[in-house]
Amino acid sequence: MRFSSSYEPGEYESDIYAAWEASGIFNPKVPTVPIDNNSDGSDDRVKKSNQTFSIVMPPPNANGNLHIGHGLTIALEDSLTRYYRLKGDSTWYIPGADHAGFETWVVYERELEKQGHTRFEYSRDELYARVWDFVAKQRGNMELQLRALGASCSWDDLTFTLDENVIDRVYTTFEKMWNDGLIYRGEKLVNYCPKHQTAFADIEVEHQDEKGTLWDIAYQYDGGEIIVSTTRPETLFGDAAVAVNPEDKRYQNLLGQKVKLPLTDREIPIIADEHADPEFGTGAVKITPAHDFDDFEVGERHNLPRLQVIAENGTMVNVPEEFNGLTTTECRKKVLKTLKEQNLLRGERKIDHAVAHCYKCGTTIEPMLKEQWFIDVKQLAKLAIDAIEQDKIKFHPANKKNILINYYKGLKDWNISRQIPWGIAIPMFRKVDLSATDEPDWIFDRRTNLQEIEKAGVKYVRDEDTFDTWFSSSHWPIVCTDWDENNFSPYYPLNVMETGADILFAWVARMIMMGLYVTGEVPFKEVYLHGLVLDEHGKKMSKSKGNVINPMDLVTKYGSDAFRLGILRGRSAGMNQAFSENSVIAGRNLCNKLWNISRLIQSMTDETDINFEVSETVPREGYDPSEMSEAHDDGSERMGSKKLQNNINYTSNNMGEDWICREINECVSQVEKDMKAYRFAEAVEVLYQTIWDKYADWFLETQKVYKNIPLLKTTLETLLITLHPFAPFVTETIWQNLSWTEGFIAAAKWPSKLKFDPISAEEFESIRTIVSEVRGTLQALPGTNNVKKYGLLYDNDSIVNENMLIIKNLTKVPSINSLNGNPRGLRIALANHEIYLDVSEDIVMEYKETLTEKILSVGKELDALNARLMNPNYVDRAPAHLVKETRDGVKEKESLINRLKQQLELI
RNA sequence: GGGGAUUUAGCUCAGUUGGCUAGAGCGUACGAUUCACAUUCGUAAGGUCACAGGUUCAAGCCCUGUAAUCCCCACCA
């Protein structure tokens, strides 16, 4: 016996993974043109394979640990990959690791702080080298965790986001964009975090509603004043105008009037602009083009000067002496105090307003005037919109299609500069010698390892900034599949892009634009987006709430398969859904069930081999999967219940065999459909039910009476292979332990359909009905331990007669005997067979009430069916097969009621 | 302000082009127990499918409206 009595995943998983990895089955095969695959019936998969299946892993942070979202990602992606591998496709699941520019930088900077240093003590190149070492030391954890989760990816092809080929590709794109005029350097307001001292894309900023104060300040002029409302009095030093709405009657006469900026000697004009909302505050608003996004636009419309008054470290500059160098908070206090003293502060009120925060440290984002590199996104967005509107990419869930199109339509130019050292250097060099007027101010050059280059005798220095990580990430499908302009790649576009719905805009949207721009093709044919994994109460997981579930803990506790099965259950595309340990326990139980099923079948096989040497005489050829085909409707080739020779115990006609073949076929088809439609939870569900409720609880119980070893083997193999994509470890472990299987299940062939006799299969249903009703009736009878008390009687019923042993085993009744004479006891009415529970009249009397209730409930069902038939519109308009179904139903219910009534009369 | 979702059993969710007599897992109750598995087996209870209208022979599903919950985008001087 090779199997221990329960499945202990920890004992096998790492060895199994190591064996897979060493075997090379995770590496992609070279796809080839199909060569006449019918003539010789050749089974060589590589030769036949002309299909590719490619998928990339959204690269986890190279120096981080996997969280629950990664666990879901891997469960989804690896199930797909393994499924298509079993289907015979050349599969390529490409793993990745992310330098995670800003994330890692934040961690590193904290590390520096702990050591009592700051980033400003080092040059950009020194910092880059230091972070590289830091990451190298941390790296590897997450790769081990990916293996523990069973990710069947091609490790030789792991791509790191700072690999040379990635940087090369990014520079090539940047150069192309530069030459195409899609890149420009602009002085714009950017979201700036004074703590991290870097700019952010709009998407990286988090808005939060906060209580704030709105102050009214008087801006005076000769003979009058205008009251402006502001939440940011400290920025008044940068004011360039006061704006009022052109429609606002109150201020018509003031347009063009110059007012004196408080606390200064400067004069600014009152202008008309729609930005000013007459309903808000006093209807007059101060315009600070250098420190507010709206004001920046107003400034552009009216050609106002942009005066910077807040420096990059968050302190005041270009302001009167007494305010200079103060932080914004200090400055606000002082400004308010001074205004009050000068009697210019006219009121204040509390308001709710949204404030932008750094998504990492929570510091208030300061809109800052900076020169940055921007991508003009109009053309790129159009490429993407066109492709999506032409359905070149299919979305799961489907509603993301329009959401994405809307996003592209409102997309603003993309700031790709970041002021952090940890990232890909921007390959642009600035002219130092401004007297060389004929030369361009900026030139593109790949030599970013140099700080300074010389071209045509002119010196240029490298831009210190690095790329936004999303700029390089947007090339991910291109770089992972080794696509290039000359050779393309048979794996590009990817079959599917699987990632979190939360980065639809940040990543998916940009990959689509970039893929189309660089290759002319969409980067993937389908997109599957998963939602957030919430805690068991449907709340977001967070460290502060303490409800974070670590996937690796669950893997250790219950096994990788249990985790995968658990996290896939009850999950559908794009939805944020709850997750609890219970679902993992259910998965673990399934693995254990399968383990014990296999243990039983192996022991049956061993026993047969020893006692009867059946393996020599069994008509095994009938079950060779390679020769299996669709079942014949006429049942002419009935393989499921083929009798075994040379063994008196086995000369049976077990209809459960045909039935299980039918059910397994149905299950396999359903899994195929579900995988095509990305319905992972449904695929797992149907497998769960087939394996447990049908195979173990019914079929195997019949096999304890009549063994059909070849069929047991075939059906077990079929179920193992079909479950393998979702539970790779336990299926492989079993496969390796079974005495008759060869190779890796991970590289096995997807099962073909089993042959069976549909009539037998259907007849087995009535056995199931009999058994269920006997069980139910026994439970409902008064007293306990009824199972042992009462036998069954049958009258002239061939189905019961032929399946007596099976019924006996399934119901556990002590005896089944032919009824001699008049019927007695309690009739098992549902299945319409002549079968009775041999109970005394007293017991039957006590059952009377139950029987009456049953008649009533069936009567209700009958009434409902009849009511439908009484409706002439139904009979006329509903499809014929439904009407027939209803009529058959009526007959069935009527005869059931009759049988029940007869029973009642007998009492 | 713009957009997207969700609402079905105590909990978490299925329910695909309308055919439903609405399912599953967990939980609950009752019963079982040597011979694959207590990580087990059997049986059962549990639902006005959020609400109100409409379309249809037929609505959990389609249409209109309402309510609640959640998410995204933009903006809030």
Side-chain angles (χ1 to χ4, degrees), chain A residues 3 5-7 202-203 207 209 212 214-215 228-232 235 243 275-277 280-282 284-288 292-295 351-355 397 399-400 402-403 406-407 410 501-502 504-505 531-532 536-538 540 558 562 569-572 574-580 582-583 585-586 588-604 673-674 677 679 681-682 685 688-689 693 696-697 700-701 704 772 775-780 784-788 811-812 857 860-861 864-865 868 871-879 881-883 885-886 889:
Chain A
F3 290 104
S5 73
S6 72
Y7 178 58
D202 295 342
I203 210 160
H207 291 268
D209 282 332
L214 188 65
W215 287 277
V228 304
S229 303
T230 181
T231 54
R232 300 207 59 190
T235 63
H275 165 64
D277 176 0
F280 193 93
T282 59
V285 55
K286 64 193 220 39
I287 301 298
T288 323
D292 182 279
F293 288 96
D294 287 325
D295 294 2
I351 57 157
D352 288 327
H353 64 153
V355 180
N399 70 312
K400 299 291 180 192
N402 288 329
I403 293 177
N406 274 337
Y407 172 75
D502 53 332
L504 174 64
F505 298 151
L532 290 180
E536 59 181 323
H537 306 294
K540 230 180 203 174
Y558 301 108
R569 278 199 125 185
R571 207 157 289 280
S572 40
M575 298 236 296
N576 298 346
Q577 285 164 313
F579 172 68
S580 79
N582 278 342
S583 61
I585 292 172
R588 187 270 316 262
N589 293 354
L590 179 66
C591 293
N592 186 63
K593 190 74 186 176
L594 193 63
W595 181 259
N596 278 291
I597 287 169
S598 307
R599 202 151 75 96
L600 174 64
I601 292 175
Q602 181 65 58
S603 72
M604 284 175 165
K673 270 189 221 158
D674 288 336
R679 296 159 60 90
E682 288 77 3
E685 194 66 34
Y688 198 103
Q689 273 164 30
D693 301 347
D697 290 348
L700 284 185
E701 290 305 316
K704 286 177 181 170
S772 296
R775 286 170 174 169
T777 310
L778 286 169
Q779 291 280 339
T784 58
N785 238 342
N786 289 330
V787 173
K788 282 183 174 166
T811 56
K812 308 286 183 213
S857 91
K860 265 186 203 160
E861 289 167 18
L865 292 180
R868 208 179 289 175
N871 180 346
N873 284 325
Y874 174 68
V875 181
D876 290 349
R877 298 203 205 173
H881 74 274
L882 282 174
V883 178
E885 225 169 71
T886 312

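Below, chain A is the first sequence line, B the second, and so on; all start at residue 1. Being a predicted model, the structure only gives us computed values, none of them experimental.
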A/Lys812 versus A/Glu701, closest heavy-atom pair with distance:
NZ-OE1, 4.2 Å
For A/Ile403, answer base if it contacts any base atom (sugar-phosphate contacts may also be present), sugar-phosphate if it contacts only those atoms, and nothing otherwise; contact means non-hydrogen atoms under 4.0 Å.
sugar-phosphate
According to a strict under-4.0 Å criterion, is A/Asn399 in side-chain N/O contact with OP1 or OP2 of B/rA5?
yes
Contact class for A/Ala677 vs. all strands (heavy atom < 4.0 Å): base, sugar-phosphate, or nothing?
nothing
Taking B/rC37, B/rU6, B/rG19 as options, the one with an atom nearest any side-chain atom of A/Ala878 is B/rG19
For B/rG18, the Watson-Crick or wobble counterpart (both distances under 3.5 Å)
none
Given B/rG4, B/rA24, B/rC37, the nucleotide with the shortest approach to the side chain of A/Gln689:
B/rA24
For A/Arg569, report the nucleic acid contact type (base, sugar-phosphate, nothing); a contact means any heavy atom under 4.0 Å.
sugar-phosphate
Watson-Crick or G-U wobble partner of B/rA45, both distances under 3.5 Å
none
Which whole-number value in Å describes the distance from A/Phe505 CZ to B/rC71 C1'?
11 Å
Does A/Lys704 make a side-chain donor-acceptor contact with the base of B/rA36, cut-off 3.5 Å?
yes
Check whether any side-chain N or O of A/Gln577 sits under 4.0 Å from OP1 or OP2 of B/rA14, and answer yes or no.
yes
Who pairs with B/rU56 - Watson-Crick or G-U, where each distance is under 3.5 Å
none
Heavy-atom pair of closest approach, residues A/Ala578 and A/Arg571
O-NH2, 3.0 Å
Using a 4.0 Å heavy-atom cut-off across all strands, classify A/Ser572 as base, sugar-phosphate, or nothing.
sugar-phosphate
Which of parallel (below 30°), tilted (30 to 60°) and perpendicular (above 60°) describes A/Tyr407 and A/Phe505?
parallel
For atom P, what is the distance between B/rC61 and B/rA45, given to the nearest Å?
26 Å
Nearest to the side chain of A/Asp294, heavy atoms from C-beta on, is which of B/rU43, B/rC37, B/rC75?
B/rC75
Between CD of A/Glu701 and C1' of B/rC37 the distance, given in whole Å, is 11 Å
Counting only side-chain heavy atoms from C-beta out, which of B/rA24, B/rA14, B/rC37 sits nearest to A/Met575?
B/rA14
With a 4.0 Å cut-off on heavy atoms, is A/Lys286 in touch with a base, just the backbone sugar-phosphate, or nothing at all?
nothing
Paired with B/rU69 by Watson-Crick or G-U wobble geometry, both distances under 3.5 Å: which nucleotide is it?
B/rA5
A/Gln577 side chain to A/Ser572 backbone, donor-acceptor under 3.5 Å:
yes
A/Asn406 has a side chain; which of B/rG31, B/rC13, B/rG3 sits nearest to it?
B/rG3
Examine B/rG31: is either OP1 or OP2 under 4.0 Å from a nitrogen or oxygen in the side chain of A/Lys788? Give yes or no.
no
Tell me the partner of B/rC35, counting only Watson-Crick (N1-N3 plus N6-O4 or O6-N4) or G-U wobble (N1-O2 and O6-N3) with both under 3.5 Å; none if nothing fits.
none
Pair of N/O donor and acceptor under 3.5 Å linking B/rU43 base with A/Arg775 side chain:
no
Nearest-Å distance for atom pair NZ/P, residues A/Lys812 and B/rG31
20 Å
Which of B/rG42, B/rG3, B/rU39 is nearest the side chain of A/Arg588? It is B/rU39
Both A/Leu882 and A/Val355 contact RNA chain B. Taking the nearest nucleotide for each, which residue is further toward the 5' end?
A/Leu882
Rounded to whole angstrom, note down the P distance from B/rA52 over to B/rU48.
13 Å
Where A/Ile351 and A/Phe280 come nearest, the two heavy atoms and their spacing:
CD1-CZ, 4.4 Å
Find the partner of B/rG23: check Watson-Crick (N1-N3 plus N6-O4 or O6-N4) and G-U wobble (N1-O2, O6-N3) distances, both under 3.5 Å, and reply none if neither fits.
B/rC13
Rounded to whole angstroms, how far apart are CD1 on A/Ile585 and P on B/rC26?
10 Å
Looking at A/Thr886 and A/Arg868, what are the two nearest heavy atoms and their distance?
OG1-NH1, 4.2 Å
Select one nucleotide: of B/rU43, B/rA36, B/rU16, the one nearest the side-chain heavy atoms of A/Arg679.
B/rU16
Under 4.0 Å, heavy atoms only, any strand: does A/Pro397 hit a base, just the sugar-phosphate, or nothing?
nothing
When you compare B/rG23 with B/rA5, how far apart are their C1' atoms, in angstrom units rounded to a whole number?
23 Å
Mind checking if A/Asn786 touches a base, just sugar-phosphate, or nothing, with heavy atoms under 4.0 Å?
nothing
From A/Tyr7 OH over to A/Asn596 CG, what is the distance, rounded to the nearest 0.5 angstrom?
12.5 Å
Once you apply a heavy-atom cut-off of 4.0 Å, does A/Glu885 come out as touching a base, just sugar-phosphate, or nothing?
nothing
A/Asn592 side-chain proximity, nearest of B/rU39, B/rC41, B/rU21
B/rU39
Taking B/rU69 as the reference, what is the distance to B/rA74 when you measure between their C1' atoms (whole Å, please)?
22 Å
Closer than 3.5 angstrom, by distance alone: can the side chain of A/Asn576 be matched with the main-chain N or O of A/Leu532 as a donor-acceptor pair?
yes
Which value, in whole Å, describes the distance between the C1' atoms of nucleotides B/rG53 and B/rA59?
14 Å
A/Tyr407 near the nucleic acid: base, sugar-phosphate alone, or nothing, with a heavy-atom cut-off under 4.0 Å?
nothing
With rounding to the closest Å, how many angstrom separate the P atoms on B/rG27 and B/rA68?
35 Å
Judged by each residue's nearest nucleotide on RNA chain B, which is more toward the 5′ side, A/Ala578 or A/Ser6?
A/Ala578
Considering only atom P, compute the distance from B/rU17 to B/rG54 and round it to an integer number of Å.
26 Å
Quickly work out the A/Arg868 CZ to B/rU56 P distance and round it to whole Å.
19 Å
Report yes if the side chains of A/Leu882 and A/Tyr874 come closer than 4.5 Å at any heavy-atom pair, otherwise no.
yes
Rounding to an integer number of Å, can you tell me how far A/Tyr558 OH sits from B/rG25 P?
19 Å
At under 4.0 Å between heavy atoms, what does A/Glu682 touch on the DNA or RNA strands: base, sugar-phosphate, or nothing?
sugar-phosphate
Side chain of A/Asn596 only, please: which of B/rU16, B/rA36, B/rC30 is the nearest?
B/rA36
In whole angstroms, how far is the C1' atom of B/rG42 from the CG atom of A/Asp693?
12 Å
From CZ of A/Phe579 over to P of B/rG25, roughly how many Å is that when rounded to an integer?
19 Å
When rounded to the nearest 0.5 Å, the distance separating CZ of A/Arg232 from NZ of A/Lys286 is 8.0 Å
How far does the P atom of B/rU6 sit from the matching atom of B/rG47, given to the nearest Å?
25 Å
